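Convention: sequence-line order gives letters A, B, ...; per-chain numbering from 1. Here the structure is a predicted model, which means the values were calculated and not measured.
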Protein chains: 2
Amino acid sequence: MATIKDVAKLAKVSPSTASRAMHDNPAISEKTKARVRKAMQTLHYAPDFNAQSLANKRSNAIGVILPVDHHEIFTNPFFLKVLRGISEACYHAQAMVNLATGSSQAELLHSIDIMVTQGMIRRFIVLYSEQNDPILLKLRQLDAQYVMIGKPYQLVNETPYVDNDNILAGSDAAQFLVNHGHKNICFVYNDLKKMVQNDRMLGYQRVMMENGLLINSFELPAQEYPGGRQLVIQYLTQHPEITAFETVDDMLGLRIQQVLRSAKMVTDRQVSIIGFNNSVYSEAAHPALTSVEVFPRRLGNEAAKIAVSLQMSENLSTKLIVPHQIIERHSVATV
Amino acid sequence: MATIKDVAKLAKVSPSTASRAMHDNPAISEKTKARVRKAMQTLHYAPDFNAQSLANKRSNAIGVILPVDHHEIFTNPFFLKVLRGISEACYHAQAMVNLATGSSQAELLHSIDIMVTQGMIRRFIVLYSEQNDPILLKLRQLDAQYVMIGKPYQLVNETPYVDNDNILAGSDAAQFLVNHGHKNICFVYNDLKKMVQNDRMLGYQRVMMENGLLINSFELPAQEYPGGRQLVIQYLTQHPEITAFETVDDMLGLRIQQVLRSAKMVTDRQVSIIGFNNSVYSEAAHPALTSVEVFPRRLGNEAAKIAVSLQMSENLSTKLIVPHQIIERHSVATV
DNA sequence: AGCAGCAGTGCAATCGGTTGCAAGAAATTG
DNA sequence: CAATTTCTTGCAACCGATTGCACTGCTGCT
């Protein structure tokens with residue numbers, strides 16, 4: 001591997017000049033820069049990241065923080081897609097991607113500490129958004145910068161983030177059902193404390209109100225909760241008027257679908273479903289779920305682009321909204 | 001942050017002695033080592049990874065190579081679980097985790113090149129196994145070490161890897177069905193060129209032969225292939241004797257299940273299914289699929305442990321087989 | 001006593017970059 | 001033409017570690 005000294009020698013300048021030329025320092029004349037660039041070319045020069053990080057006291061790597069272990073994460077392809085987007089952007093920006101996960105919060109906090117203090121990583125992407133997240137606090141304490149995927153709960157104005165417009169997505173989905181003639185639509189969620197879910201529900205509510213329709217909602221607890229099935233059956237029998245569900249995630253849609261198919265009492269009832277995230281679940285379902293694609297890869301990509309461009313003392317925060325799109329399959333019928 | 005010089009000063013030794021003491025160099029007396037250790041403690045010393053990497057010409061990071069983009073990867077939670085396992089082991093070994101992905105092979109190759117030449121990363125974990133993989137060739141050319149997840153196709157003896165015993169898993173699954181009284185069992189696969197699938201089928205065949213039963217197999221192409229559904233229907237009608245399927249992945253089991261439920265002609269036929277990987281699909285299915293858990297997290301964890309322990313010129317390769325386990329749900333009935 | 005041998009430690013160079021400061025060269029000014 | 005300013009560039013220190021080699025004392029031997 002050629003070093004900067006080799007380049008300097010070939011270009012007949014000192015290493016310092018070479019270094020400055022490479023960083024397009026205005027103190028260096030265009031002529032010299034050209035010579036240095038040529039030398040770099042012929043030697044296939046590429047800087048040593050570790051040496052750079054050492055000298056700069058700042059790594060070129062981007063830290064990626066996954067949420068603390070949880071059944072959902074493992075099964076949710078969302079994160080993998082986001083990772084791909086991040087990886088792609090970092091590739092183009094010549095940045096390395098450094099992963100941080102932990103089975104407990106303490107472990108994750110420690111990981112991050114190490115990345116910052118020992119690895120000199122200064123820019124992070126946080127793949128989730130949670131209320132009062134100690135991880136974010138830690139990052140701030142360590143004086144590291146971060147961009148979030150999902151809208152932050154705190155310091156909204158100071159935090160760069162990329163997200164979907166979940167309110168709009170929620171209303172688009174509802175409007176889609178309304179356009180198909182549905183009037184009694186139920187919104188199904190998991191945990192309204194999560195902003196994504198809450199926002200989607202707000203969007204749903206807006207459309208219902210605009211159309212003079214009644215708001216119905218139903219909380220379907222996480223899969224592990226055993227009584228879930230029974231709850232669905234109960235809800236369906238108590239609300240015979242409902243013809244469509246808007247579920248905050250495809251998974252919930254799939255579960256409703258399964259209940260419908262197996263519970264004899266409601267077997268001949270035709271119910272439409274629209275889900276979110278366009279995940280494996282929507283394709284696995286039968287009929288395949290119509291779903292709102294949120295483009296996780298794009299989310300990751302944009303987040304990474306912002307992260308790599310973060311300067312040392314940047315404090316204008318970028319906010320970026322990536323669009324969503326309804327993917328029509330076969331789970332929504334016209335009434 | 002305290003540096004090694006601070007530690008040295010406090011312990012009243014030179015930085016070189018401090019460094020040697022930290023690495024448990026036999027040239028340093030026990031007394032001195034103790035002094036250095038105490039100094040490290042009181043100063044909360046932690047080495048600067050970049051400085052170390054620079055001096056050692058070798059990063060403490062482990063590179064993790066995901067397969068080139070492909071629909072499967074995005075939807076397959078397997079990889080995320082493996083990543084968690086890797087991350088965990090690396091955390092305990094004080095190693096960083098560096099991700100490499102690419103949307104094309106060229107991009108991935110280039111990524112790896114950068115990681116090795118510019119990042120000084122010398123140890124990798126390859127999360128998949130493919131025939132004639134140029135990535136592996138590249139790694140060898142760059143003189144990097146790697147451990148694979150999945151059995152390698154080439155250089156089997158020289159390559160450290162961790163894998164399940166897929167032949168055994170294949171026969172355990174078959175035996176499970178046989179034990180439940182099934183005699184006409186069909187093995188469903190996707191692509192026999194993949195060793196995982198081939199091995200599982202071998203295991204299946206062995207059990208069938210041992211029990212004097214007929215071997216049946218059926219290739220169900222990838223989800224995107226439109227005619228798949230029709231193929232299943234056709235197979236089912238042509239083989240009315242089949243009472244159970246062993247599918248090389250849960251996904252395939254789910255698809256068969258769906259066909260069974262929707263195709264009127266076979267509607268009252270009772271068919272048992274056992275799948276592999278214990279993925280989201282098995283829980284999403286109804287009835288939930290009995291499936292063979294392969295412990296992806298453990299696979300990742302062990303692979304990482306091997307990777308971090310790889311020495312510079314190591315050439316004894318470790319092979320590690322992680323066990324599997326049948327997770328009983330409701331998709332296998334006794335006949 | 002003299003000297004070899006060895007254990008224990010420090011000096012100084014090195015890894016591959018970056019950057020403050022000074023100095024030389026060129027251009028401008030009176 | 002000398003003096004001053006403005007560009008360019010190089011010197012040398014530094015980032016935080018590692019390591020070959022030399023040096024100091026001490027032990028033990030003859």
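Between R297(B) and E88(B), at least one side-chain N (NZ, or NE/NH1/NH2) sits under 4.0 Å from a carboxylate O, which counts as a salt bridge. For the pair R37(A) and E30(A), the salt-bridge criterion is met [side-chain N within less than 4.0 Å of a carboxylate O].
Among the atoms of the strands shown, only primed sugar atoms or phosphate atoms (P, OP1, OP2) are found under 4.0 Å from some heavy atom of A46(A). Nucleic acid contact for S16(B): base, since at least one base atom lies under 4.0 Å from a heavy atom of the residue.
Side chain R20(A) to base dG17(C): no donor-acceptor pair is found below 3.5 Å.
For dG10(C), one of the phosphate oxygens OP1 or OP2 lies less than 4.0 angstrom from a side-chain nitrogen or oxygen of T17(B). Distances shown here put a side-chain N or O of Q52(B) below 4.0 Å from the OP1 or OP2 atom of dT18(D). At the phosphate of dG16(C), OP1 or OP2 sits under 4.0 Å from a side-chain N or O atom of K57(B). For the OP1/OP2 pair of dT18(D) and a distance below 4.0 Å, the side-chain nitrogens and oxygens of S19(B) include at least one atom meeting the criterion. For T32(A) and dT9(D), the shortest distance from a side-chain N or O to OP1 or OP2 is below 4.0 Å. Put simply, T3(B) has no side-chain N or O that comes within less than 4.0 Å of OP1 or OP2 on dG16(D).
Each of dA17(D), dT18(C), dT9(D) was ranked by its minimum atom distance to the side chain of S29(A); first place goes to dT9(D). Taking only side-chain atoms of Y45(B), from C-beta outward, the nucleotide of dC11(D), dG16(C), dA17(D) with the closest atom is dA17(D).
In this structure, CG of N25(A) is placed 17 Å from P of dG17(C), rounded to the nearest angstrom. Going from atom CZ of R58(B) over to atom C1' of dA17(D) covers 16 Å, rounded to whole Å. Rounded to whole Å, the distance from CG on N56(B) to P on dA13(C) is 20 Å. In this structure, L54(B) atom CG and dC15(C) atom C1' are separated by 4 Å, rounded to whole Å. Taking atom CG on D48(A) and atom P on dC15(D), their separation rounds to 18 Å, with Å as the unit. The CD1 atom of I4(A) sits 8 Å away from the C1' atom of dT18(C) (whole-angstrom rounding). Atom CE in M22(A) sits about 13 Å away from atom P in dT19(C), given to the nearest Å. Here dT19(D) presents its P atom at 13 Å from CD1 of I28(B), a figure rounded to the nearest Å.
With the nearest nucleotide of DNA chain C identified for both A18(B) and A18(A), A18(B) has the one nearer the 5' end. With DNA chain C read from its 5' end, the first of the two nearest nucleotides for K33(B) and A55(B) is the one closest to K33(B).
Between the side chains of S14(A) and T17(A), at least one donor-acceptor pair of N or O atoms lies under 3.5 Å.
Annotation for K151(A): atom NZ does not count as buried by contact number, only 12 or fewer foreign heavy atoms lying within 6.0 Å.
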- Task: Before giving the answer on side-chain contact (heavy atoms from CB on, under 4.5 Å), spell out for C90(B) and V97(B) the whole-Å C-alpha distance, their side-chain angles and the decisive distance to 0.1 Å.
- Result: CA-CA 7 Å; C90(B) 288; V97(B) 179; 3.6 Å; yes
- Task: List the steps, then state whether side chain to side chain donor-acceptor pair (under 3.5 Å) holds for D133(A) with Y128(A).
- Result: CA-CA 10 Å; D133(A) 190 356; Y128(A) 64 95; 2.6 Å; yes
